[in-house]
**Q** 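The structure is given below, and queries will be raised subsequently.
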Amino acid sequence: KKQFLIVFIVAIIAGLAGGYCSVRFFLPKMIKAQDIRVIDKNGDLILEFAMNYKGKGDTLAVALNRGSGTVVAGLSDDDEPFLNFADREGQLRLIMGAGVEDTGMAFLDQKAVKRAALFVAEDGTPGFALRDKEGKVRARMFLSPDGTPGLELKDEKGNVTWEAGK
């Protein structure tokens with residue numbers, strides 16, 4: 001019985017020492033993965049860290065999903081930051097981005113057609129555009145580089161039918 005007790009105590013000490021050493025010396029300091037997904041108790045995706053998000057090139061994204069919608073923040077494959085909002089059906093409704101050519105926000109309808117946009121162009125001039133149900137720009141309000149306000153109205157073919165400023 002005395003030998004059993006000694007073996008038992010040595011085994012406990014060896015187990016504790018082994019556990020300590022494995023945590024102290026063998027745990028990785030970095031975890032490498034292309035996609036990390038967090039799911040809830042029902043198996044529904046609620047958080048995703050991804051490269052190549054939804055098959056879009058080298059897009060790096062963090063996606064938050066809930067029953068009421070999705071928010072995706074990330075960097076596009078050309079390293080431009082973006083923030084997208086989708087409704088509860090998963091339909092994209094608002095896009096915000098800071099790009100090389102322009103920075104702005106686009107508002108989309110239930111069919112994911114851009115209907116309105118607020119932007120600052122590459123030259124620093126701000127503008128606002130309204131689009132028809134096909135996504136064609138029909139009205140545009142802007143400031144020219146010298147600060148002069150402008151307004152354009154266009155027909156369904158994109159021809160300017162009325163303008164002011166420039």
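Since this is a predicted model, take the numbers as computed values, not measurements.
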**Q** Do side-chain atoms of R131 reach the backbone of A116 as a donor and acceptor pair under 3.5 angstrom?
**A**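 No, because the side chain of R131 does not come within donor-acceptor range (under 3.5 Å) of the backbone of A116.
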**Q** Atom CG in L92, atom CG in N84: separation rounded to 0.5 Å?
**A** 5.0 Å
**Q** Minimum heavy-atom separation for Q91 and A112, please, with both atom names.
**A**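 Result for this residue pair: NE2-CB, 2.7 Å.
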**Q** If hydrophobic clusters are built from ILVMFWY residues whose side chains come within less than 4.5 Å, do V137 and F107 share one?
**A**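 No, no single cluster joins them.
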**Q** So, taking the atom named OG1 in T103 and the one named CE in M96, what distance separates them when rounded to the nearest 0.5 Å?
**A** 10.5 Å
**Q** Does the side chain of V62 come within less than 4.5 Å of L47's, by heavy atoms?
**A**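 Yes; the side chains approach each other to less than 4.5 Å.
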**Q** Run the side-chain contact (heavy atoms from CB on, under 4.5 Å) check on K133 and V113 step by step: do they pass?
**A** CA-CA 7 Å; K133 61 184 177 184; V113 176; 6.0 Å; no
**Q** Do L130 and L94 share a hydrophobic cluster, counting only Ile, Leu, Val, Met, Phe, Trp and Tyr and linking them when any side-chain heavy atoms are less than 4.5 Å apart?
**A**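 Cluster IDs for L130 and L94 match.
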**Q** Nearest 0.5 Å, what's the CE-CG distance between M141 and L153?
**A**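 One finds 11.0 Å between CE of M141 and CG of L153.
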**Q** From R140 CZ over to F119 CZ, what is the distance, rounded to the nearest 0.5 angstrom?
**A**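 Going from the CZ atom of R140 to the CZ atom of F119 covers 6.0 Å.
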**Q** What distance do I95 atom CD1 and L83 atom CG have between them, rounded to the nearest 0.5 Å?
**A**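 So the gap between those two atoms works out to 10.5 Å.
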**Q** With a 4.5 Å limit on heavy-atom distance, are the side chains of K154 and K136 in contact?
**A**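 Counting from C-beta outward, K154 and K136 never come under 4.5 Å.
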**Q** L118 and F142: same hydrophobic cluster, using ILVMFWY side-chain contacts below 4.5 Å?
**A**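 No, it is not one cluster - the side chains of L118 and F142 are not joined through contacts under 4.5 Å.
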**Q** Closest heavy-atom contact between D155 and K157?
**A** OD1-N, 2.9 Å
**Q** Starting from L151, can I reach L143 by hopping between I/L/V/M/F/W/Y residues whose side chains sit under 4.5 Å apart?
**A**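 No.
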**Q** Tell me, which pairs form a salt bridge (charged side-chain N to carboxylate O under 4.0 Å, His left out) where one or both residues lie in residues 105-114, sequence neighbours left out?
**A** D109-R115
**Q** Mind listing the closest non-hydrogen atom pair of A63 and V72 along with its distance?
**A** CB-CG2, 3.9 Å
**Q** Within a strict 4.5 Å, meaning less than it, do heavy atoms of the R138 and E156 side chains meet?
**A**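 When only atoms from C-beta onward are counted, E156 and R138 do touch, with a gap below 4.5 Å.
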**Q** Quick one: CD on E152 to CH2 on W162, what's the gap to the nearest 0.5 Å?
**A** 10.5 Å
**Q** Does one hydrophobic cluster hold both I36 and L64, with members joined at side-chain heavy-atom distances below 4.5 Å?
**A**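 They do share one cluster, since a chain of ILVMFWY contacts under 4.5 Å joins I36 to L64.
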**Q** Taking D132 for its side chain and E134 for its backbone only, find out whether a donor-acceptor pair lies under 3.5 Å.
**A** yes
